[in-house]
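Structure first, then comments.
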Amino acid sequence: MTDDIIIRIRDLKTAYGTHVVHEHLDLDIRRGEIIGVIGPSGCGKSVLLRAITGLKEFAEGSIEVFGERLETLDEAERADVEQRWGVMFQDGALFSNLTVRENVEVPMKEHTQIAPELRHQLADMKIRMAGLSADASPKFPSDLSGGMRKRAALARALSLDPELLFLDEPTAGLDPITAEKFDALIRSLQKALGLTVFLVTHDVDTLHATCDRIAVLGEKHVLAVGTIEELRAFDHPWVQEYFCGPRGRAATGH
Amino acid sequence: MPVATVPGFALEESGEHTILRLTGDWTVMTIHLLDEDLAGLKHDHTVLVDVSGLTRIDTAGAFLIDRTLRAAPEGSGLTGTNDVARNLIDQVHAVSDPTPPAKAVDHGFVALLERTGRGFVGVMSEIFQTLAFLGETIVTTLRLVMQPWKLRWTSIVAVMEEAGLDAMPIIAFLSFFVGMVVAYIGATTLRDFDLEIYTVELIGYSMLREFGVVLTGIVLAGRTNSSFTAQIGTMKMRQEIDAMQTLGLKPMDILVAPRIIALLLMTPALTFVATLSGIAGGVIVGWSSLDINPGVFLDRLRNAVPLEHFWVGLSKAPVFGFVVTLIACRQGLNVGGSVQSLGNATTTSVVQGLFAVIVLDAIFAILYMELGI
């Protein structure tokens, strides 16, 4: 069933100058799943996210999102696609001159015709949904802690009720308890809203707690895709070390 | 994107209930069509919201339904089968707050008084802090000059190149053109009295005493000042300055003192270049439209314009350089965590820099006049 594939990547090649990041990379992401993308530092996890969202031009291959190839769309069609996904960047990338509520309202203000008062209420609802209290709404991003900024960024990514959510290292730099709450939050939002989540992470606990499937990037392509159990059986030194090393074992309870 | 169907609702009275039948897409893209109508409903009976007719729903639509239910009398609820909608509405209900956000109250006259007071206190503390920073800078710089082996020569030379040498072409050009303009004005006015030759004195006095150094100061305030503020401000924003402090390095020693020393050295040099190219502009105009031979021009300049005017101009240069750098560094260190504050600091820095150059020049003019120089 082709309809169930929300992102289809075929034979992707990306490069910065002569430095090739990905080559012959294939990946399918199914509708409604949480897919974790892991790999050693510098293997191009974030670059893959940037390539899918159109922030980084790729050299060869094709990426279809919602069955459309982004580079073939005109501006209006592309804006339509962009409204259907939300992206949360690694350090939040909140607009520092806007309050948290205004940050969440930005996409609504730009793309919908909702009246200001209802928009405020919706923004506050998203902020609470992302696990912040409403007291945070009038604050500026610089007044928030790292974990709160990530939640605010998540609220902004959810602003237009996207079908597809990209999260770049959502739990990096958070304490384990906050990270755990964040994992639970992503899981419950995914269930409630029927999201597809593309999750770039280093955190084994997050993978274990949230992901349906995991894609391992390495050697410029996808080494393996599967559940944690499948990957544990996968014979590759990095994958073995990742899941069967002390941290991996602790997280997955083996 | 699938074509959105228009959302709608219909009211139906059935016994003691009002049934609200929902149809179409209730999403963030469509709910603006319903917002007012739905808010305007007055419910006398309990309301049953029938969600079975919905085609699509998201949290925004769920919020509207939840808001309607909250406004309705006790006992209202959902009816019809639609698990997605029921689930979403439950989720939204848990996190929504029915009270609209409080609006900021404006107290008019009192607020005006408050703003005035805050403004006054702000200006006072700005003056106080500038003076404190001035003192700290002077102490740091003097201490480092006494111990030259502790000076960071590499950064001093780097700043001298960036803020001095690289600014030289622009200052020379500006000054050249101002010299030409002054010469033309002089020539046009003095021609009526057959005194064109006094253009030389006009150029000499104005360039040596005022324009050379003021133009240098203005270019420094616009160019160097903003770049210093942005550099230091960005470092502050990215916590680099905090990192320095924890490593036992003093930002005053590393960031402020080298810039101050570099500009103290370079501003006179820039002023000298500005003065020379201003005179060159005068010479060109004199030669081309007044028939004053460059040799005659320079000879007359030497005889008619005393050297002390040159020293008067040059004496102001280090002061301008010092004050402009001082303002730039202070504003840079004032930057907070946001991009907005960086922009504000840069603006303030340039405005204060220009202001300081002009005001100081006026003070110097009065001072030298009283001294009879």
Side-chain angles (χ1 to χ4, degrees), chain A residues 66-68 76-84 91 94-99 101 107-108 111-135 137-138 140-144 149 155 158-163 185 188-189 191-195, chain B residues 1-4 25-39 56-68 70 83-104 234 236-239 335-344:
Chain A
F66 307 118
E68 314 260 19
E77 291 168 328
R78 193 170 164 142
D80 279 345
V81 171
E82 280 166 356
Q83 285 168 35
R84 294 169 71 188
D91 48 5
L94 293 165
F95 302 122
S96 60
N97 55 341
L98 302 179
T99 62
R101 182 192 290 139
M108 294 190 220
H111 298 300
T112 73
Q113 297 160 38
I114 298 172
E117 197 177 322
L118 179 59
R119 203 171 61 212
H120 293 329
Q121 291 174 319
L122 284 176
D124 282 358
M125 175 188 81
K126 300 276 153 144
I127 289 164
R128 271 189 294 263
M129 205 178 243
L132 284 173
S133 77
D135 306 341
S137 313
F140 284 94
S142 52
D143 302 333
L144 300 180
R149 265 207 291 274
L158 291 171
S159 176
L160 288 183
D161 271 284
E163 299 159 49
L185 173 71
S188 76
L189 284 177
K191 277 210 190 97
L193 311 176
L195 296 169
Chain B
M1 199 164 188
V3 180
D25 284 356
W26 284 51
T27 67
V28 69
M29 293 298 162
T30 58
I31 56 159
H32 62 273
L33 302 167
L34 301 160
D35 181 19
E36 275 181 31
D37 294 345
L38 213 52
R56 288 191 338 147
I57 182 168
D58 65 9
T59 54
F63 180 84
L64 269 197
I65 297 169
D66 182 58
R67 192 184 70 179
T68 311
R70 279 178 192 269
D83 290 342
V84 179
R86 280 170 175 270
N87 187 8
L88 262 184
I89 294 166
D90 283 349
Q91 288 276 338
V92 166
H93 184 81
V95 293
S96 60
D97 177 4
T99 50
K103 289 200 178 71
T234 314
K236 179 88 193 256
M237 233 164 76
R238 318 181 99 227
Q239 291 190 313
V335 169
S338 70
V339 178
Q340 188 93 30
S341 73
L342 179 63
N344 286 344

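Small disclaimer: the values here were computed from a predicted structure and weren't measured.
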| said: Using a 4.5 angstrom heavy-atom cutoff, name the option from Leu160(A), Thr112(A), Leu122(A), Asp161(A) with the most pairs to chain B. | reply: Asp161(A)
| request: Drop me the distance from Thr59(B)'s OG1 to Met125(A)'s CE, to the nearest 0.5 angstrom. | output: 4.0 Å
| request: To the nearest 0.5 angstrom, please state how far the CD atom of Gln113(A) sits from the OG1 atom of Thr30(B). | output: 10.5 Å
| query | So which heavy atom on Ser159(A) is nearest to which on Val28(B), and how close? | reply | O-CG2, 4.3 Å
| field | Separation between CD of Gln121(A) and CZ of Arg67(B), rounded to the nearest 0.5 Å | value | 6.0 Å
| task | Would you indicate whether Glu77(A), at its atom CD, is surrounded by more than 12 heavy atoms from other residues, nucleotides or ligands within a distance under 6.0 Å? | result | yes
| field | NE2-CZ distance between His32(B) and Arg119(A), expressed to the nearest 0.5 angstrom | value | 12.5 Å
| field | Atom group of Ile57(B) that falls short of 4.5 Å from chain A, counting heavy atoms | value | neither
